Amino acid sequence: MSIFNSFDINASGLTAQRYRMDVVSENLANVNTTRTADGTPYRRKVVVFEERTGGASFADALHKAKGSYTGQGVKVTGTYNDMETDLVKAYEPDHPDADEDGYVYYPNVNVITEMTDLIDASRSYEANATAFNTSKTMAVKGLEMASN
């Protein structure tokens with residue numbers, strides 16, 4: 001693996017974690033959104049990561065068949081709405097979005113869960129930034145040694 005591959009791997013981690021922080025921020029911003037454009041309450045969004053492979057060449061397939069590590073970072077494969085967690089039901093008959101029984105459905109966003117995810121994404125981002133800077137320092141030291 002070349003030093004440039006390590007830059008690419010760390011940069012993919014930085015990008016993925018930044019996107020995750022953006023999605024968590026969106027969830028937190030919509031914690032009380034009872035009506036979206038389609039008329040339903042906001043649903044929590046979840047980011048899915050996947051290993052980014054080197055490509056679809058024969059060499060990559062051969063490495064994979066031999067059990068060698070072929071990953072080249074991480075990629076975001078998608079964002080989906082959390083339909084498994086129930087919406088929060090509250091009795092508020094005066095609320096404009098209350099149903100005929102007086103209940104309002106709030107998003108399935110738990111502030112504690114979102115803050116925990118935000119801290120996790122932030123720490124992962126910091127780890128990738130540290131690894132990137134370490135790789136950069138190694139490259140600079142290598143160039144200094146070669147020029148002497």
Side-chain angles (χ1 to χ4, degrees), residues 1-92 95-99 103-145:
M1 174 167 57
S2 76
I3 193 74
F4 297 110
N5 286 357
S6 66
F7 291 150
D8 189 38
I9 291 168
N10 295 322
S12 73
L14 289 167
T15 303
Q17 294 302 336
R18 180 172 171 250
Y19 181 73
R20 183 176 170 207
M21 286 188 277
D22 289 345
V23 170
V24 169
S25 298
E26 180 183 340
N27 288 340
L28 287 169
N30 286 295
V31 72
N32 292 318
T33 303
T34 57
R35 187 182 331 171
T36 59
D38 64 358
T40 61
Y42 178 82
R43 287 278 186 175
R44 176 178 184 254
K45 292 189 170 108
V46 180
V47 179
V48 180
F49 295 145
E50 184 178 285
E51 175 186 356
R52 190 173 71 183
T53 58
S57 69
F58 177 75
D60 292 327
L62 183 61
H63 283 294
K64 191 173 250 184
K66 290 169 66 177
S68 300
Y69 175 74
T70 58
Q72 296 294 315
V74 66
K75 65 179 176 179
V76 175
T77 56
T79 305
Y80 70 91
N81 291 335
D82 180 7
M83 302 304 268
E84 294 177 14
T85 309
D86 293 332
L87 297 172
V88 177
K89 185 177 176 181
Y91 183 70
E92 296 179 22
H95 194 283
D97 292 328
D99 63 9
Y103 287 99
V104 178
Y105 290 92
Y106 285 96
N108 57 347
V109 176
N110 183 327
V111 175
I112 295 170
T113 301
E114 297 303 320
M115 289 305 294
T116 303
D117 286 350
L118 189 60
I119 291 168
D120 182 49
S122 174
R123 298 259 169 91
S124 296
Y125 186 91
E126 289 171 11
N128 279 292
T130 301
F132 188 90
N133 286 331
T134 301
S135 297
K136 183 174 72 172
T137 301
M138 288 172 47
V140 168
K141 290 293 183 186
L143 289 173
E144 287 174 0
M145 288 172 51

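What you are looking at is a predicted structure, and each value in this text was computed from that prediction instead of being measured.
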Name all residues meeting the salt bridge (Lys or Arg N to Asp or Glu O under 4.0 Å) criterion together with [X]; count only those two or more places apart in sequence or in a different chain, and write none if there are none.
X      : value
Glu144 : Lys141
Asp8   : Arg52
Glu92  : none
Lys89  : none

Next item on the list: Applying side-chain hydrogen bond (donor to acceptor under 3.5 Å, both in side chains), name anything that partners Thr33, two or more places apart in sequence or on another chain.
Entry: Asn30
Next item on the list: Just grab all the ring pair (Phe, Tyr, Trp, His ring centres under 6.0 Å) pairs involving residues 18-52, residues at least two apart or on different chains.
Entry: none
Note to self: Could you check whether any side-chain heavy atom of Leu87 comes within less than 4.5 Å of a side-chain heavy atom of Tyr106, counting everything from C-beta outward?
What the structure shows: no
Margin query: Just so I know, are the side chains of Asp120 and Thr116 near enough to count as touching, which here means a heavy-atom distance under 4.5 Å?
Written below: no
Next item on the list: Verify side-chain contact (heavy atoms from CB on, under 4.5 Å) between Asn108 and Met83, making sure each step is shown before the conclusion.
Entry: CA-CA 9 Å; Asn108 57 347; Met83 302 304 268; over 6 Å; no
Notebook entry, point to check: CG of Leu118 to CG of Leu28: how many Å apart, nearest 0.5 Å?
Noted result: 7.0 Å
Next item on the list: Hey, could you give me the CE/CD1 distance between Met21 and Ile119, rounded to the nearest 0.5 Å?
Entry: 12.0 Å
What pairs with [X] under side chain to side chain contact (heavy atoms under 4.5 Å, CB included), at least two apart in sequence or on another chain?
X      : result
Leu143 : none
Phe132 : Phe7, Asn10
Val48  : Thr77, Tyr80

Item checked: Qualifying side chain to side chain donor-acceptor pair (under 3.5 Å) pairs, either residue in residues 122-133, two or more places apart -> none
Notebook entry, point to check: Hey, is the main chain of Val74 close enough, under 3.5 Å, to the side chain of Ser12 for a donor-acceptor pair?
Noted result: yes
Checklist line | salt bridge (Lys or Arg N to Asp or Glu O under 4.0 Å) pairs, two or more places apart, involving residues 28-46 | finding: Glu26-Lys45, Arg35-Asp97, Arg44-Asp82, Arg44-Glu114, Arg44-Asp117
